[in-house]
Amino acid sequence: MKPLQSAAMGFVFVALYARFHGYDAYADPFGWLLVLLGVRRLPPETPLRSAMLATGALTLAVSVPLWLPEVRERVADLDASVGWSADLPAFALVALLCHGLAEAATTAGDERPARWLRLVRTAVVVVALLPVVVFGGGVESLSSTAALAAQLLYVALVWLLFSCSGRVWAGGPGPRVASAAERM
């Protein structure tokens with residue numbers, strides 16, 4: 001599996017949820033582990049790779065206790081800003097991943113995916129800051145919009161990571177070269 005395919009599948013696990021006896025069948029810790037494995041397999045020269053790994057480890061550590069129904073319920077009973085702050089490492093990881101990959105794509109002269117990655121990075125920052133407006137500014141009507149934006153962001157990210165997974169700068173094999181027999 002290519003590095004970005006692993007990361008994309010991890011984000012699928014993070015984005016989806018199906019509750020069984022209080023537990024999420026699509027366990028976020030497993031998803032973050034897949035993301036971490038994908039980031040670890042990126043080329044060593046990928047910008048911000050070590051920051052991605054450190055932030056990914058923090059994100060994984062935060063997600064483990066939150067997978068337990070008792071902990072998740074206690075956090076939900078607290079102020080909504082506590083739940084938001086628990087999501088900040090995940091948003092930071094996604095922003096770092098998009099930024100680092102955009103830089104790698106730019107260095108390789110692959111501008112189209114670099115533009116998409118920068119766009120998703122900016123959207124991540126906006127989505128991460130929406131709860132400040134919702135909770136801090138008292139604009140509760142944006143609450144469901146913020147949640148929907150976060151889910152759409154994961155969909156866009158998964159699509160983008162899969163579409164870039166074959167690029168050399170992303171640890172993929174690069175473009176396939178036709179054999180002599182195929183050229184005839």
Side chains of Asp110 and Trp169: do they bring a donor and an acceptor to under 3.5 Å? yes
Nearest heavy-atom approach of Gly38 to Ser6 is N-OG, 3.6 Å
So, Arg121 side chain and Leu96 main chain: donor-acceptor pair closer than 3.5 Å or not? no
Determine whether more than 12 heavy atoms belonging to other residues, nucleotides or ligands lie under 6.0 Å from atom CZ of Arg112. no
Determine whether a donor-acceptor pair (N or O, by modelled atom type, separation under 3.5 Å) exists between the side chain of Thr55 and the backbone of Met52. no
Is a donor on one side and an acceptor on the other found under 3.5 Å between the side chain of Arg72 and the backbone of Gly22? yes
How would you list all residue pairs meeting ring-ring contact (aromatic ring centres under 6.0 Å, His included) that involve residues 68-105, not counting sequence neighbours? none
If we only count heavy atoms from C-beta on, is the Pro29 to Leu60 side-chain gap below 4.5 Å? yes
Could you check whether any side-chain heavy atom of Val125 comes within less than 4.5 Å of a side-chain heavy atom of Leu129, counting everything from C-beta outward? yes
Validation row: Arg19, Asp24 side chains within 4.5 angstrom (heavy atoms): yes
Taking Val12 as the starting point, is it possible to reach Leu36 by hopping between hydrophobic residues whose side chains are less than 4.5 Å apart? yes
Carefully, step by step, assess Arg40 and Leu53 under the rule side chain to side chain contact (heavy atoms under 4.5 Å, CB included). CA-CA 7 Å; Arg40 195 183 91 196; Leu53 289 169; 4.0 Å; yes
Taking it one step at a time, do Trp159 and Tyr154 satisfy ring pair (Phe, Tyr, Trp, His ring centres under 6.0 Å)? CA-CA 9 Å; Trp159 167 78; Tyr154 278 122; over 10 Å; no
Test of understanding: clusters of I, L, V, M, F, W, Y form through side-chain heavy atoms closer than 4.5 Å, transitively. Do Leu160 and Leu16 belong to the same one? yes
Check for a donor-acceptor pair, side chain of Gln5 on one end and backbone N or O of Lys2 on the other, with a separation under 3.5 Å. yes
Taken to the nearest 0.5 Å, the spacing of Leu97 CG from Leu161 CG works out to 5.5 Å
Side-chain (Ser165) to main-chain (Leu4) donor-acceptor, under 3.5 angstrom: no
Nearest atoms (heavy-atom pairs only) where Pro89 meets Val62: CG-CG2, 4.3 Å
In the structure I gave you, are the side-chain heavy atoms of Leu42 and Leu101 within less than 4.5 Å of one another anywhere? yes
I'd like to know if the side chain of Thr106 and the backbone of Ala114 have a donor-acceptor N/O pair within less than 3.5 Å. no
Which value, rounded to the nearest 0.5 Å, describes the distance between Leu68 atom CG and Arg74 atom CZ? 11.0 Å
Phe13 CZ to Leu34 CG distance, which is reported to the nearest 0.5 Å: 6.5 Å
Quick check on the hydrophobic clustering: are Val94 and Leu88 connected, directly or via other members, by side-chain heavy-atom contacts under 4.5 Å? no
For Phe162, does the CZ atom have more than 12 heavy-atom neighbours from other residues, nucleotides or ligands under 6.0 Å away? yes
Shortest non-hydrogen pair, Pro3 vs Gly171, comes out as CD-O, 3.7 Å
Hey, does the side chain of Arg167 reach the backbone of Gly172 with a donor-acceptor pair shorter than 3.5 angstrom? no
Enclosure of Trp116 CH2 (heavy-atom neighbours >12, cutoff 6.0 Å): no
If you round to the nearest 0.5 Å, how far is SG of Cys98 from CG of Leu153? 7.5 Å
Same cluster for Val134 and Val124 if Ile/Leu/Val/Met/Phe/Trp/Tyr side chains link at under 4.5 Å? no
Exercise: identify the closest heavy-atom pair between Pro131 and Ala128: CD-O, 3.3 Å
Given the rule in the side chain to side chain contact (heavy atoms under 4.5 Å, CB included) test, do Leu93 and Val35 qualify, once you have shown the distances and angles that lead to the verdict? CA-CA 10 Å; Leu93 174 59; Val35 172; 3.9 Å; yes
Ring centers of Tyr26, Tyr17 separated by less than 6.0 Å: no
Which atom pair, heavy atoms only, marks the closest approach of Pro47 to Glu103? CG-CB, 3.7 Å
Tell me whether Leu119 is reachable from Val158 by hopping between hydrophobic residues (I, L, V, M, F, W, Y) whose side-chain heavy atoms are closer than 4.5 Å. yes
Under the side chain to side chain contact (heavy atoms under 4.5 Å, CB included) criterion, do Trp32 and Leu37 qualify, and how do the steps go? CA-CA 9 Å; Trp32 292 120; Leu37 291 173; over 6 Å; no
